[in-house]
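Naming: A, B, ... by sequence-line order, numbering from 1 per chain. All values below were derived from every heavy atom in this structure, side-chain atoms included, with hydrogens, water molecules and symmetry-related copies excluded.
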Number of protein chains: 2
Amino acid sequence: MEDIDRKIVALLMRDGRMSYTDLGKSTGLSTSAVHQRVRRLEERGVIRGYSVVVDHEAVGLPLTAFISIKPIDPSQADDSPDRLAGVPEIEACYSVAGDESYILKVRVGRPADLEDLLARIRSSANVTTRTTIVLSTPYENRPMTA
Amino acid sequence: MEDIDRKIVALLMRDGRMSYTDLGKSTGLSTSAVHQRVRRLEERGVIRGYSVVVDHEAVGLPLTAFISIKPIDPSQADDSPDRLAGVPEIEACYSVAGDESYILKVRVGRPADLEDLLARIRSSANVTTRTTIVLSTPYENRPMTA
DNA sequence: TCTTCCTGTCGATGTCCTCCACGTGTGCAC
DNA sequence: GTGCACACGTGGAGGACATCGACAGGAAGA
């Protein structure tokens, strides 16, 4: 990937609503040229979409946790992501190497909600869980460096 | 937070570049009214900013890992986030309850880069590390449900 | 050299953002 | 009830921006 594309992506990570005009000024290109590049980045799948950065406390989900899961029956089909896809509290699911098979990142409102969520995860995916509570988040989703 | 604000946030999580006109149509409000609400959400800090969703493989960072860190000297000042803030490979830093003190999410290009990164983390923060390699990411940063 | 492809600039058009003036409903003091 | 303040909505006007097409220049290969 070219250097200028990398710069465009880095700029958009900092401000996803930046106008093409401003992107052009920051990269030394014309508006149309930037527009074309962004469209190509979208087509190639480098840019998958745009999103908003939300304060989770403010939207009523102040409690974050990581849940590592392990199948109870090691011979069972490994389809936990599908089984858990419908659980809205799960923000991310990573297949990992190591003792456990997946790490989930979840957000809930209160400890009681977490308890309830764990029960749902265990029963719907037939797994054991190991939960790590997040106390604070110094930083998250930091933008790439140019 | 109001129901309609929640809907606006949910819509923007799905498409952070959605126009105020379209947001208005989806929420049954006029363009100006939506605009006002979004501005208030930004002022209150509910909306912290806008960003782009990037395919990390496409930008040359296909290897993701979680690194749990623990201070070597338990009596030392607990300022790891500050010490590590300058390391660009670290995308997120969570202070967690449990045996370890922080979980870092990192992205690098190759295993050798991870080795190098781990050395830098250990020396600059004076910590021991436990690394969990991500094999695949079924989903990540899923939008809230309305 | 000529062709082709890629990537850029420039200009025109329609859409959207942005702001301002104004209307409406609610709660409160009088 | 009346008057007022306030929060929140609508609608319109203007300027900025996105979007598209036509065209220019440079690089690589025949």
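In this model, the phosphate group of dA18(D) is approached by a side-chain N or O of Thr21(A) to a distance below 4.0 Å at OP1 or OP2. Put simply, Arg39(A) has a side-chain N or O that comes within less than 4.0 Å of OP1 or OP2 on dC20(D). Here Arg40(B) reaches the OP1 or OP2 of dG9(D): one of its side-chain N or O atoms lies under 4.0 Å away.
Judged by atom type and distance alone, Ser32(A) does not reach the base of dG8(C) through any side-chain donor-acceptor pair under 3.5 Å. On a pure distance criterion of 3.5 Å, no polar donor-acceptor pair joins the side chain of Ser19(B) and the base of dC17(C). Between the side chain of Thr31(B) and the base of dC16(C), no donor-acceptor pair of N or O atoms lies under 3.5 Å.
To the nearest angstrom, C1' of dA16(D) lies 10 Å from NZ of Lys25(A). In this structure, Leu29(B) atom CG and dT10(D) atom C1' are separated by 10 Å, rounded to whole Å. One interatomic measurement links the two molecules: CE of Met18(B) to P of dA18(D), which rounds to 18 Å at whole-angstrom precision. If you measure from atom NE2 of His35(A) to atom C1' of dT9(C), you get 16 Å, rounded to the nearest angstrom. Following rounding to the nearest Å, Glu43(A) (CD) and dT7(C) (P) show an atom-to-atom distance of 12 Å. In this structure, CG of Leu23(B) is placed 12 Å from C1' of dC16(C), rounded to the nearest angstrom. In this structure, CG of Asp22(A) is placed 10 Å from C1' of dC17(D), rounded to the nearest angstrom. Here dG8(C) presents its P atom at 15 Å from OH of Tyr20(A), a figure rounded to the nearest Å.
Because its NZ or CZ atom is both nearer than 6.0 Å to the ring centre of Tyr20(A) and within 45° of the ring axis, Arg17(B) counts as a cation-pi partner of that residue. With a 6.0 Å cutoff to the six-membered ring centre and a 45° limit on the axis angle, Arg83(A) does not count as a cation-pi contact of Tyr102(A).
Between Glu89(A) and Arg120(A), at least one side-chain nitrogen of the basic residue sits less than 4.0 Å from a carboxylate oxygen of the acidic one, meeting the salt-bridge criterion.
Relative orientation of the Tyr94(B) and Phe66(A) rings is perpendicular, given thresholds of 30° and 60° on the angle between their planes.
Of the candidate nucleotides dC17(C), dA18(D), dG9(D), dC17(C) has the atom lying nearest to any side-chain atom of Arg17(A).
Under the 4.5 Å side-chain heavy-atom criterion for grouping Ile, Leu, Val, Met, Phe, Trp and Tyr, Val127(B) is not connected to Val134(A) through any hydrophobic cluster.
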